[in-house]
*Asks:* 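Okay, here's the structure, questions in a sec.
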Amino acid sequence: MEALTAAAAGLVVSAATHVLSLRLGLDSLRAYAVCFLNGLLVAITAAGFSTANLGPPVTSFLLFICWWFIFLCFVNTGETSLRVRILRELLAANGPVPKHEFIERYNDKSLIYIRLSRLIRGGAIIERDGHFFVISFTLRILARYSRLLKLIILGQHSEFA
Amino acid sequence: MIVPTIGVLSAILGAIWHAAIVRWLPQNMRIVSILGFDFFALIIVGFTVSTFDHIASADDWFTTLVLTMSLASAHMLVFTLVAYDSPTLSLTNAILDHGSLGMPIEALDEFSSRHPFIESRLASLVSAGIIKDDGHSLIFRGKVGLLLRVSEAYRRLCGSQAKGG
């Protein structure tokens, strides 16, 4: 149980560090990095690092990585997820929402323009002479890799194919 | 090291089985089935390894179960990117598909009409029973209300604002 407790302690420290970092004005990426490293340190040391018995610290490390990733997804989807945004709107409406009104307000065109603006602001995509170009190497790799995975695992390159 | 060994081997075996048959699973089973595959893999791997190296305590088995299910949960989240198109990555791929000439601004409308993301997300929320669509209106059924409230509370704690879209 020491690995479970150590990983849980690491996650709690990680979440607390994340909140504190953002409150102190750190940007999102740095806050994630700081909270991850802090939590990982706690998770490994609390499990009792010993070269004679690596089981507990390795288990704690693996558990912390999984739980921190779930935490990262939870925090990130709260910010940017389409599903979460839809649910927030429906929750706030406190009753039935006319479907056609909802679709008009949250249409794919405005979604794409918002995402595109975000990418241009972040410098991953540029617009030149009425054309868009991807200049971020990381984004390029991620996009192609996700398409490749879909092709290999699902046999199609898009859910809309 | 027996706990992490069994946990990781189970997760890998479960992932391989899942990858092999997922394309034939119904859409609403594709992600959640990962838990089942990993659990079944844990039984197989745990039984096999324990014939060579006896796991001494219920504590170890419990930790192994938690580790395997944690790895499965992380896998489920990653697989969401495979099962559903990310608007950002789809847009990126669409731009890259235009090659060195770049994607013309006029092509954006066609792209958004061929990628009904909102409809897809609504359909998945309806199929999960989180919202109800009676054809005229959408109704929140409250299944994940607590999770949403926790998420909201955490965002307020961080002092952050939601990004639209």
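By convention in this document, chain letters (A, B, ...) are assigned in the order of the sequence lines, proteins followed by strands, and residues within each chain are numbered from 1.
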*Asks:* So does A:Lys99 pair up with B:Glu119, basic N to acidic O under 4.0 Å?
*Replies:* no
*Asks:* For B:Phe39, is the CZ atom crowded, meaning more than 12 foreign heavy atoms sit under 6.0 Å from it?
*Replies:* no
*Asks:* Name the region of A:Arg128, side chain, backbone, both or neither, that has any atom closer than 4.5 Å to a heavy atom of chain B.
*Replies:* neither
*Asks:* By a 4.5 Å heavy-atom criterion (distance strictly below it), what part of A:Leu62 contacts chain B: side chain, backbone, both, or neither?
*Replies:* both
*Asks:* Of the listed residues (A:Ile103, A:Leu20, A:Ile86, A:Asn53), which shares the most heavy-atom pairs with chain B below a 4.5 Å separation?
*Replies:* A:Ile86
*Asks:* Any chance CZ of A:Arg30 has more than 12 other-residue heavy atoms, nucleotides or ligands included, within less than 6.0 Å?
*Replies:* no
*Asks:* Are A:Leu22 and A:Val12 joined in one hydrophobic group, where the rule is that I, L, V, M, F, W and Y side chains link up if heavy atoms are under 4.5 Å apart?
*Replies:* no
*Asks:* Between A:Asp129 and chain B, which part of the residue has a heavy atom less than 4.5 Å away: side chain, backbone, both or neither?
*Replies:* neither
*Asks:* If you compare all heavy atoms of B:Asp38 against all heavy atoms of B:Ala11, which two are closest, and at what distance to 0.1 Å?
*Replies:* OD2-CA, 3.8 Å
*Asks:* Any Lys/Arg nitrogen of B:Glu152 or B:Arg149 sitting under 4.0 Å from an Asp/Glu carboxylate oxygen of the other?
*Replies:* no
*Asks:* By a 4.5 Å heavy-atom criterion (distance strictly below it), what part of B:Ile21 contacts chain A: side chain, backbone, both, or neither?
*Replies:* neither
*Asks:* So which part of A:Phe102 gets closer than 4.5 Å to some heavy atom of chain B, the side chain, the backbone, both or neither?
*Replies:* side chain
*Asks:* B:Ile131 versus chain A, heavy atoms under 4.5 Å apart: side chain, backbone, both or neither?
*Replies:* side chain
*Asks:* What option among A:His18, A:His157, A:His100, A:Gln156 has the most heavy-atom pairs under 4.5 Å with chain B?
*Replies:* A:His18
*Asks:* For A:Phe160, look at atom CZ and say whether over 12 heavy atoms of other residues, nucleotides or ligands are found less than 6.0 Å away.
*Replies:* yes
*Asks:* For A:Leu154, is it the side chain, the backbone, both, or neither that has a heavy atom closer than 4.5 Å to a heavy atom of chain B?
*Replies:* both
*Asks:* Does any part of the side chain of B:Gln27, heavy atoms only, come nearer than 4.5 Å to the side chain of B:Ser127, both counted from C-beta?
*Replies:* no
*Asks:* Ring centres of B:His18 and B:His75 under 6.0 Å apart?
*Replies:* yes
*Asks:* Need one label for B:Asp133: side chain, backbone, both or neither, based on atoms under 4.5 Å from any heavy atom in chain A.
*Replies:* side chain
*Asks:* Ignoring hydrogens and geometry, is there a side-chain-to-backbone donor-acceptor pair from A:Arg23 to B:Leu157 under 3.5 Å?
*Replies:* yes
*Asks:* Is the ring centre of B:Tyr84 less than 6.0 Å from the ring centre of B:Phe117?
*Replies:* no
*Asks:* Quick check: are there more than 12 heavy atoms from other residues, nucleotides or ligands sitting under 6.0 Å from CG of A:Leu24?
*Replies:* yes
*Asks:* Can you say whether B:Asn93 sits under 4.5 Å from chain A via the side chain, the backbone, both, or neither, judging by heavy atoms?
*Replies:* both
*Asks:* What part of A:Leu72 lies closer than 4.5 angstrom to a heavy atom of chain B: side chain, backbone, both or neither?
*Replies:* neither
*Asks:* So for A:Leu116, is it side chain, backbone, both, or neither that comes closer than 4.5 Å to the heavy atoms of chain B?
*Replies:* both
*Asks:* Do A:Ser60 side-chain atoms and A:Pro56 backbone N/O form a donor-acceptor pair below 3.5 Å?
*Replies:* no
*Asks:* Could you tell me which portion of B:Leu71 (side chain, backbone, both or neither) has an atom closer than 4.5 angstrom to a non-hydrogen atom of chain A?
*Replies:* both
*Asks:* For A:Ser146, is it the side chain, the backbone, both or neither that has a heavy atom under 4.5 Å from a heavy atom of chain B?
*Replies:* side chain
*Asks:* By a 4.5 Å heavy-atom criterion (distance strictly below it), what part of A:Phe64 contacts chain B: side chain, backbone, both, or neither?
*Replies:* neither
*Asks:* Salt-bridge test for A:Arg144 and B:Asp97: reply yes if a basic N is under 4.0 Å from a carboxylate O, no otherwise.
*Replies:* yes
*Asks:* Tell me, side chain or backbone of B:Val8 under 4.5 Å from chain A's heavy atoms, or both, or neither?
*Replies:* side chain
*Asks:* Measure A:Ile125 against the heavy atoms of chain B and call it side chain, backbone, both or neither at under 4.5 Å.
*Replies:* side chain
*Asks:* Counting heavy-atom pairs closer than 4.5 Å to chain B, which one of A:Ala15, A:Ser136, A:Pro96 comes out on top?
*Replies:* A:Pro96
*Asks:* Measure A:Tyr113 against the heavy atoms of chain B and call it side chain, backbone, both or neither at under 4.5 Å.
*Replies:* side chain
*Asks:* Identify which part of A:Glu127 has an atom lying under 4.5 Å from any heavy atom of chain B, answering side chain, backbone, both or neither.
*Replies:* side chain
*Asks:* Under 4.5 Å heavy-atom distance to chain A, tell me which part of B:His136 shows up: side chain, backbone, both or neither.
*Replies:* backbone
*Asks:* In terms of heavy-atom pairs under 4.5 Å, which option from A:Leu87, A:Val58, A:Ile152 contacts chain B the most?
*Replies:* A:Leu87
*Asks:* Under 4.5 Å heavy-atom distance to chain A, tell me which part of B:Arg30 shows up: side chain, backbone, both or neither.
*Replies:* side chain
*Asks:* Under 4.5 Å from any heavy atom of chain A, what part of B:Thr5 do you find: side chain, backbone, both or neither?
*Replies:* neither
*Asks:* Check whether B:Leu81 gets within reach of chain A through its side chain, its backbone, both or neither, counting any heavy atom under 4.5 Å.
*Replies:* backbone
*Asks:* Ignoring hydrogens and geometry beyond distance, is a side-chain donor-acceptor pair present between A:Ser158 and B:Asp85 at under 3.5 Å?
*Replies:* yes
